[in-house]
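Structure first, then comments.
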Amino acid sequence: GAVVSQHPSWVICKSGTSVKIECRSLDFQATTMFWYRQFPKQSLMLMATSNEGSKATYEQGVEKDKFLINHASLTLSTLTVTSAHPEDSSFYICSARELDLHTDTQYFGPGTRLTVL
Amino acid sequence: AQTVTQSQPEMSVQEAETVTLSCTYDTSESNYYLFWYKQPPSRQMILVIRQEAYKQQNATENRFSVNFQKAAKSFSLKISDSQLGDTAMYFCAFWFQGGSEKLVFGKGTKLTVNP
């Protein structure tokens, strides 16, 4: 099956620093990747849609200068949280879309827990 | 805009019994996909089952099956022979081609399987 990895799985950083999270599709090519944020006991909130070779599309209310997304290849997208603050602490999940003739399914990475001190 | 509603925030079931999770959605599209994802305590989102709207036959994956009622815009998940490992949050999701490409999620149902 389609596998998506995320790195790191858990990161703690100081306020004001930047953190980069990587999302990789391991056994398929993903022209589109998605970044979500999930608060405890809540559903996933889409932050942005990332297409390979083009600028990411951000959801309303998401600061594009704070959450930098790069999708440089068909298997890798990165999310950089710049000048992190405690309110950015959350669980971040990426997904990658696999296309085939009959269906279109998103496969999810295991998530990254970010704690900003 | 498409919406997905899961009206059961929490449910519980005894091991080996059957449980049904409800999901309704609202859309004016005719060709779309519906999904059930499972998020266990590890928080890894796992695809449980998917259904193409153009298919009348209900999807089945081992102990998991759906009751897809297109006219009623209903997409329930039935888990047979519940196992302790089925304890998780379950999210219903909607997607259609030609739209914004976003998965629209419901708020989730927390399922607990009791021994």
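Residue numbering restarts at 1 for every chain, and letters A, B, ... go by the order of the sequence lines.
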Check: Passes side chain to side chain contact (heavy atoms under 4.5 Å, CB included), B/Phe105 versus A/Gln42? Steps please.
Finding: CA-CA 11 Å; B/Phe105 283 97; A/Gln42 294 189 22; over 6 Å; no
Check: Closest approach of B/Gly106 and A/Ser43, non-hydrogen atoms and distance?
Finding: O-OG, 2.9 Å
Under 4.5 Å between side-chain heavy atoms, hopping through other hydrophobics if needed: is there a path connecting [X] to [Y]?
X	Y	value
A/Met33	A/Met47	no
B/Phe75	B/Met11	yes
A/Leu68	A/Ile21	no
A/Tyr107	A/Trp35	no
B/Val4	B/Tyr90	yes

Given heavy-atom pairs under 4.5 angstrom as the criterion, report whether the side chain, backbone, both or neither of [X] touches chain A.
X	value
B/Met45	both
B/Gln39	side chain
B/Leu103	both

Notebook entry, point to check: For A/Gln106, is it the side chain, the backbone, both or neither that has a heavy atom under 4.5 Å from a heavy atom of chain B?
Noted result: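 Interface part for A/Gln106: both.
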Note to self: Taking atom NZ as the centre, does B/Lys107 end up with more than 12 heavy-atom neighbours from other residues, nucleotides or ligands that are less than 6.0 angstrom away?
What the structure shows: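 For B/Lys107, atom NZ is not crowded (no more than 12 foreign heavy atoms under 6.0 Å).
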Notebook entry, point to check: Quick check: are there more than 12 heavy atoms from other residues, nucleotides or ligands sitting under 6.0 Å from NZ of B/Lys110?
Noted result: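 At most 12 heavy atoms, drawn from other residues, nucleotides or ligands, come within 6.0 Å of this atom.
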Item checked: Residues in residues 50-67 of chain A near chain B [non-hydrogen atoms, under 4.5 Å] ->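 So far as heavy atoms go, A/Asn51, A/Glu59 are the residues that approach chain B to under 4.5 Å.
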Check: Which members of residues 84-93 of chain A, sorted by number, sit under 4.5 angstrom from chain B on a heavy-atom basis?
Finding: A/Phe91, A/Ile93
Next item on the list: Rounded to the nearest 0.5 Å, what's the gap from OH on B/Tyr37 to OG on A/Ser95? Could you check?
Entry: 7.0 Å
Notebook entry, point to check: At what distance, to the nearest 0.5 angstrom, does CZ of B/Phe91 lie from CD of A/Gln38?
Noted result: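 One gets 5.0 Å once the value is rounded to the nearest 0.5 Å.
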Notebook entry, point to check: Can you tell if the side chain of A/Arg113 reaches within under 4.5 Å of the side chain of B/Arg43, non-hydrogen atoms only?
Noted result: yes
